[in-house]
Colleague: 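Next up is a structure, given as structure tokens.
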Amino acid sequence: MDDDTGALPQKGDFSAWYNDILWRAEIMDVRYPVKGLYVWYPYGFAIRKHVYGQLRNLLDRDHEETLFPLLIPEQEFMKEAEHIKGFENEVYWVTHGGTTPLEVKLALRPTSETAIYPMYALWLRSHADLPMKYYQIVNTFRYETKQTRPLIRLREITSFMESHTVHATWDEAEAQVEYELALTCEFYDDLCIPIIISKRPDWDKFPGADYTMAVDAIMPNGKTLQIGTVHHLGEHFSKTFSITFEDKNGEQKFASQTCYGISERCIAALISMHGDDKGLILPPIAAPVQAVIVPITIGKRHEDVLAAAEKLKNVLIAAGFRVKIDTRDMRPGAKYYWWELRGVPLRLELGPRDLDAGKVMAVKRTGEKTQIELATVTDEIPRVLGEITATIRAKAEEHTKAHLCTVASMDALGAALNEGKVAVVSWCQQKGCGDVIEEKTNASILGTNARSQYVSATEGVCIVCGKPGKATLVGRTY
RNA sequence: GGGGUAGUAGGGUAGCCUGGUCCAUCCUAGAGCGUUUGGGACGCUUUGACGGCGGUUCGAAUCCGCCCUACCCCA
């Protein structure tokens with residue numbers, strides 16, 4: 001049966017697995033007839049809802065959610081020189097209203113700095129207004145020329161969380177960068193996704209930023225996926241857009257700013273990091289269905305079992321869990337496979353035998369069966385879900401650890417990369433040596449100041465020129 | 001950025017070179033009926049397609065042109 005055409009490709013063939021899981025588990029439908037645009041299935045959208053719900057929970061501690069327009073007038077968009085250079089080849093332009101050419105072209109936001117900051121200039125008056133910390137979760141458009149990929153490289157990013165903060169000083173903005181990195185760590189820890197933080201090299205920083213801190217995850221095939229960035233914008237944009245405030249001494253000062261983004265790539269990482277040959281594995285926090293009850297209804301006990309399953313469902317829902325009961329006319333085994341494919345963390349099998357014993361069979365998606373007393377389910381389920389989360393997290397950490405290493409020479413770097421690893425090397429931070437590293441290994445310098453609990457970042461001499469260098473992350477990227 | 005391969009029903013394929021009545025086949029695809037139900041049940045009935053536009057032709061899934069889309073490899 002496994003070699004039937006209906007089977008999911010092995011996770012080992014990650015690219016094939018990823019393409020298949022998206023529609024088999026009903027996450028994205030890639031058949032929308034425009035390049036780089038994809039459709040969220042309801043189930044995928046439900047995952048998105050819970051993931052972004054968690055992101056909102058974290059941000060709402062001290063950010064406020066807002067919403068800015070999708071369209072940006074050309075003159076605003078064109079104000080910041082570096083920013084334009086970075087995005088001009090990727091911008092969609094609205095040029096007509098009906099059949100009438102527009103006098104002012106309108107850009108579909110590729111990111112919202114130039115939509116938001118003119119308004120910030122109006123809103124900011126005094127030091128008492130600071131800091132300002134707002135975010136929005138919106139779609140953005142980028143005319144990608146590279147090959148597009150669902151959830152990873154899109155022409156319409158459907159789920160872009162962008163936070164834009166304003167501060168009185170550069171140092172305060174820097175503190176905010178660190179704060180937002182910590183927030184990102186917490187978010188990904190909730191999703192059981194191990195991350196590595198590094199400072200992007202100058203040539204790879206956000207157009208218009210002083211510096212960019214990036215968050216990467218290591219995918220199953222060893223390629224890295226950038227799943228978050230935090231930018232220190234310094235005064236680049238505040239000078240361009242006149243975002244000034246009157247300080248305590250009555251003087252006008254330029255503000256310092258940060259911006260920070262996370263997109264649906266977080267869901268690509270979630271799916272890829274935890275799934276296996278059978279399908280998705282969702283951490284309970286992100287699972288639209290945390291537990292599915294499969295009633296085993298045979299012959300005369302049919303009604304009894306169904307009633308008990310219904311009761312169990314109601315008890316669990318009342319206790320705050322996301323639970324479904326599967327009463328479809330299918331064999332139990334077929335249901336098991338169906339829910340496993342969709343990554344439901346816990347399956348509760350309830351049949352006559354269990355009923356007689358006053359128990360329910362709990363089967364973890366991570367692979368372990370236990371019996372639970374029906375009388376105490378509401379105490380037991382959180383414990384079991386917690387164990388599932390811990391197992392998922394541990395497995396992801398193991399994978400990440402196994403794909404990280406420290407090397408001290410170009411040869412060793414090449415070998416490590418070819419084994420599908422991400423390596424920490426010492427690099428002098430000169431562009432020339434950086435180019436040598438990237439060209440010879442066909443990889444990218446992710447960043448310096450690599451921070452990870454899984455690998456020690458040692459200082460040493462540059463593996464190209466031998467001058468003093470800094471710990472630098474090198475990998476093949478998505 | 002450069003190259004390659006491909007698009008046939010919900011999914012997977014054959015047919016294409018060499019145009020021909022009927023456009024086939026498989027599936028844990030759909031609809032319907034019945035028997036089933038502790039790890040992917042089965043029988044019968046049935047639905048449905050040649051990526052799009054244009055061209056050649058008496059006739060196009062097949063030949064030609066343009067476009068769209070997808071996947072793979074290399075920089």
Side-chain angles (χ1 to χ4, degrees), chain A residues 1-9 13-39 41-43 89-90 143-156 221 223 276-279 292-306 308-309 325-342 344 346-357 359-365 367-372 414 417-418 434-445 476-478:
Chain A
M1 80 188 172
D2 288 329
D3 52 2
D4 275 348
T5 53
L8 181 69
D13 183 359
F14 176 65
S15 192
W17 181 91
Y18 184 79
N19 288 334
D20 248 54
I21 194 80
L22 289 175
W23 65 266
R24 284 186 193 276
E26 295 182 302
I27 300 159
M28 304 295 294
D29 196 329
V30 302
R31 293 172 300 181
Y32 192 78
V34 179
K35 182 179 166 69
L37 311 198
Y38 307 95
V39 181
Y41 278 111
Y43 188 71
N89 290 325
E90 305 190 351
Y143 189 76
E144 290 287 350
T145 50
K146 287 188 176 176
Q147 188 179 330
T148 52
R149 218 180 271 280
L151 298 176
I152 290 177
R153 190 177 300 282
L154 309 155
R155 284 189 170 176
E156 180 187 4
N221 59 3
K223 283 191 181 182
D276 66 8
D277 289 348
K278 289 182 175 178
V292 62
I293 301 168
V294 180
I296 310 297
T297 56
I298 310 171
K300 294 171 190 162
R301 305 292 299 278
H302 196 100
E303 299 299 326
D304 287 355
V305 171
L306 271 187
I325 179 164
D326 189 348
T327 56
R328 289 176 300 171
D329 183 19
M330 290 164 68
R331 309 281 292 231
K335 292 181 186 178
Y336 300 164
Y337 285 106
W338 199 88
W339 290 104
E340 280 166 0
L341 176 62
R342 284 161 181 75
V344 172
L346 187 63
R347 179 174 76 241
L348 299 172
E349 304 174 12
L350 190 64
R353 293 206 292 264
D354 307 294
L355 219 48
D356 291 340
K359 294 182 175 175
V360 62
M361 183 63 80
V363 185
K364 298 177 187 172
R365 179 63 178 81
E368 194 191 330
K369 273 190 179 186
T370 49
Q371 281 199 317
I372 291 180
L417 290 165
N418 287 332
D435 288 345
V436 171
I437 290 172
E438 294 197 334
E439 279 162 27
K440 283 205 174 167
T441 60
N442 187 24
S444 302
I445 290 182
R476 302 217 163 106
T477 63
Y478 259 105

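Sequence lines set the chain letters: A, B, ... in the order given, protein chains first and strands last, and positions in each chain run from 1.
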Colleague: So which nucleotide does B/U57 pair with, by the Watson-Crick or G-U wobble rule with both distances under 3.5 Å?
Modeller: none
Colleague: Does A/K278 pair with A/D276 as a salt bridge, N-O distance under 4.0 Å?
Modeller: no
Colleague: Measure from the side-chain heavy atoms of A/T148 and tell me the nearest of B/C72, B/A70, B/G39.
Modeller: B/A70
Colleague: Counting only Watson-Crick pairs (N1-N3 plus N6-O4 or O6-N4) and G-U wobbles (N1-O2, O6-N3), all under 3.5 Å, who is the partner of B/A31?
Modeller: B/U45
Colleague: With a centroid cutoff of 5.5 Å and a plane-angle limit of 30°, would you call A/Y336 stacked on B/G39?
Modeller: no
Colleague: For B/G39, does the base pair up with any side-chain atom of A/R347 as donor and acceptor (N or O, under 3.5 Å, distance only)?
Modeller: yes
Colleague: If the test is side-chain contact (heavy atoms from CB on, under 4.5 Å), which one of A/K335, A/E349, A/R347 qualifies with A/V292?
Modeller: A/R347
Colleague: Might you list the N or O atoms of the protein lying below 3.5 Å from N or O atoms in nucleotides 32-37 of chain B, with each pair's distance?
Modeller:
{"unit_1": "B/U36", "atom_1": "O4", "unit_2": "A/D329", "atom_2": "OD1", "d": "2.8"}
{"unit_1": "B/U36", "atom_1": "O4", "unit_2": "A/D329", "atom_2": "OD2", "d": "3.0"}
{"unit_1": "B/U37", "atom_1": "O2", "unit_2": "A/M330", "atom_2": "O", "d": "3.1"}

Colleague: Ignoring backbone atoms, test whether A/R31 places a side-chain nitrogen or oxygen under 4.0 Å from the OP1 or OP2 oxygen of B/G10.
Modeller: no
Colleague: All N/O contacts under 3.5 Å from nucleotides 73-75 of chain B to the protein, with atom names and distances to one decimal?
Modeller:
{"unit_1": "B/A75", "atom_1": "OP2", "unit_2": "A/N442", "atom_2": "ND2", "d": "2.9"}

Colleague: Does a side-chain heavy-atom distance below 4.5 Å link A/Y478 with A/R149?
Modeller: yes
Colleague: Does A/T145 put a side-chain nitrogen or oxygen below 4.0 Å from OP1 or OP2 of B/G1?
Modeller: yes
